Amino acid sequence: MSTADRAERVPKQDRSRLTRQRLLEAAVACLAEHGWAGSTVSVVAERAGVSRGAAQHHFPTREDLFTAAVEYVAEERSTALRALFPEGAGAADRHAVVAALVDLYTGPLFRAALHLWVAATNEEQLRARVTELETRVGRESHRIAVDLLGADETRPGVRETVQGLLDMARGLGLANLLTDDSARRARVVEQWARLLDDVLDG
């Protein structure tokens with residue numbers, strides 16, 4: 001069966017969805033590797049194996065493409081994180097939860113998002129969209145952390161401790177950008193797991 005024949009057998013809607021997914025994943029990879037300046041729609045389209053016209057059909061502007069890409073991958077990571085603990089996480093799992101949350105900020109997604117944030121400080125048309133995106137992603141990260149840790153935010157200090165964990169994870173992600181910070185990160189994760197035990201069980 002030829003490539004054209006196989007393409008004909010795939011429903012048009014499915015082909016469109018797969019093209020969009022390839023573009024989103026390629027956009028995050030390009031941002032992580034090349035930064036904002038080196039990540040054009042043409043570069044992403046080539047990496048995704050589609051034409052520039054096809055890319056612009058799905059995402060009319062560069063800003064549309066990259067904000068959608070970071071949000072898409074963030075949602076994928078959130079879904080994967082919840083899947084690690086499908087029944088929720090008990091007190092015995094807190095170290096694993098803290099480590100998984102920190103991992104969210106030490107991979108290609110965080111690197112891509114960081115390039116987008118930096119670009120937004122200088123690109124007026126990007127700033128409002130990235131600010132809104134960061135608010136949504138940050139809110140969802142906090143919700144996931146609360147759910148997985150079984151944290152009762154009605155108790156004094158619990159909300160701030162959970163937010164402090166996420167802020168700390170972001171800082172560890174920054175520290176990991178230039179050098180492998182895994183040894184120190186492991187010690188910090190261990191300490192934060194103990195702190196959470198004290199706050200959540202106290």
Side-chain angles (χ1 to χ4, degrees), residues 1-84 100-144 166 169-170 172-178 180:
M1 184 184 295
S2 70
T3 301
D5 290 336
R6 284 197 299 271
E8 282 300 314
R9 293 176 67 109
V10 179
K12 184 176 180 181
Q13 187 176 15
D14 288 346
R15 291 202 305 274
S16 178
R17 179 179 54 80
L18 290 172
T19 296
R20 186 176 190 277
Q21 182 177 336
R22 288 205 306 272
L23 284 165
L24 293 171
E25 291 172 350
V28 168
C30 286
L31 262 183
E33 293 173 17
H34 307 301
W36 176 255
S39 297
T40 64
V41 174
S42 295
V43 168
V44 173
E46 182 177 356
R47 185 173 187 133
V50 304
S51 68
R52 191 174 192 277
Q56 290 182 312
H57 169 75
H58 287 275
F59 304 101
T61 69
R62 188 184 184 201
E63 292 76 20
D64 290 334
L65 172 59
F66 287 104
T67 53
V70 170
E71 183 166 26
Y72 165 77
V73 177
E75 289 172 354
E76 291 288 298
R77 290 295 305 273
S78 296
T79 299
L81 182 58
R82 287 189 183 278
L84 290 175
L101 288 168
V102 167
D103 283 347
L104 283 177
Y105 294 93
T106 54
L109 172 60
F110 178 73
R111 188 179 294 267
L114 184 62
H115 283 298
L116 199 61
W117 297 337
V118 172
T121 64
N122 298 312
E123 301 267 351
E124 188 65 37
Q125 71 273 27
L126 193 60
R127 187 177 306 153
R129 300 180 66 165
V130 172
T131 300
E132 180 187 355
L133 172 62
E134 169 60 15
T135 299
R136 288 201 306 272
V137 171
R139 189 181 297 123
E140 177 61 14
S141 297
H142 188 96
R143 186 180 299 116
I144 289 173
L166 294 174
R170 186 179 288 113
L172 289 175
L174 287 170
N176 197 62
L177 287 174
L178 297 178
D180 181 3

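Values below: all heavy atoms of this structure, side chains included; hydrogens, waters and symmetry mates excluded. Quick caveat: nothing in here was measured; it's all calculated off a predicted structure.
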Could you tell me the separation between the [atom1] atom of [X] and the [atom2] atom of [Y], rounded to the nearest 0.5 Å?
X: Leu109; Y: Leu31; atom1: CG; atom2: CG; answer: 10.0 Å
X: His58; Y: Gln21; atom1: NE2; atom2: CD; answer: 11.5 Å
X: Leu104; Y: Arg77; atom1: CG; atom2: CZ; answer: 5.0 Å
X: Thr106; Y: Leu101; atom1: OG1; atom2: CG; answer: 11.0 Å
X: Thr131; Y: Glu134; atom1: OG1; atom2: CD; answer: 8.5 Å
X: Leu166; Y: Ser141; atom1: CG; atom2: OG; answer: 6.5 Å

Could you list all the ring pair (Phe, Tyr, Trp, His ring centres under 6.0 Å) pairs where at least one residue sits in residues 103-136, not counting sequence neighbours?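 For residues 103-136, and leaving out neighbouring residues, the ring pair (Phe, Tyr, Trp, His ring centres under 6.0 Å) pairs sorted by first residue read Tyr105-Phe110, Phe110-Trp117.
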Decide if atom CZ of Arg170 counts as having more than 12 heavy atoms of other residues, nucleotides or ligands within a radius under 6.0 Å.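 Yes.
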Looking at Glu25, I'd like to know if its CD atom is crowded, meaning that more than 12 non-hydrogen atoms belonging to other residues, nucleotides or ligands lie closer than 6.0 Å.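 Enclosed.
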Backbone N or O of Val41 within a donor-acceptor pair of the Arg62 side chain at under 3.5 Å?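 A pair under 3.5 Å: no.
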Answer whether the closest heavy-atom distance between the side chains of [X] and [Y] falls below 4.5 Å.
X: Leu116; Y: Thr67; value: yes
X: Pro108; Y: Glu33; value: no
X: Val137; Y: Val70; value: no
X: Phe66; Y: Val130; value: no
X: Leu65; Y: Thr61; value: no
X: Arg139; Y: His142; value: no
X: Asp64; Y: Arg129; value: yes
X: Leu24; Y: Val73; value: no

Which heavy atom of [X] sits nearest a heavy atom of [Y], and at what distance?
X: Arg22; Y: Val50; result: NH2-CG1, 3.3 Å
X: Ala45; Y: Ala55; result: CB-CB, 4.1 Å
X: Arg111; Y: Ala32; result: CD-O, 3.0 Å
X: Val28; Y: Ala69; result: CG2-O, 3.4 Å
X: Cys30; Y: Val43; result: SG-CG1, 3.8 Å
X: Ala54; Y: Ser51; result: N-OG, 3.0 Å

Residues forming a side chain to side chain contact (heavy atoms under 4.5 Å, CB included) with Ala128, sequence neighbours excluded: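 So Ala128 forms no side chain to side chain contact (heavy atoms under 4.5 Å, CB included) with any residue.
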Residue that, paired with Trp36, satisfies side chain to side chain contact (heavy atoms under 4.5 Å, CB included) out of Leu126, Asn122, Val118: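 Output: one option passes, namely Leu126.
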Does Arg82 come within less than 4.0 Å of Glu140, counting only side-chain N to carboxylate O?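 Here Arg82 pairs with Glu140 in a salt bridge, since their nearest N and O are under 4.0 Å apart.
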Leu114 vs Leu174, side-chain contact (heavy atoms from CB on, under 4.5 Å): CA-CA, chis, key distance, verdict: CA-CA 9 Å; Leu114 184 62; Leu174 287 170; 3.7 Å; yes
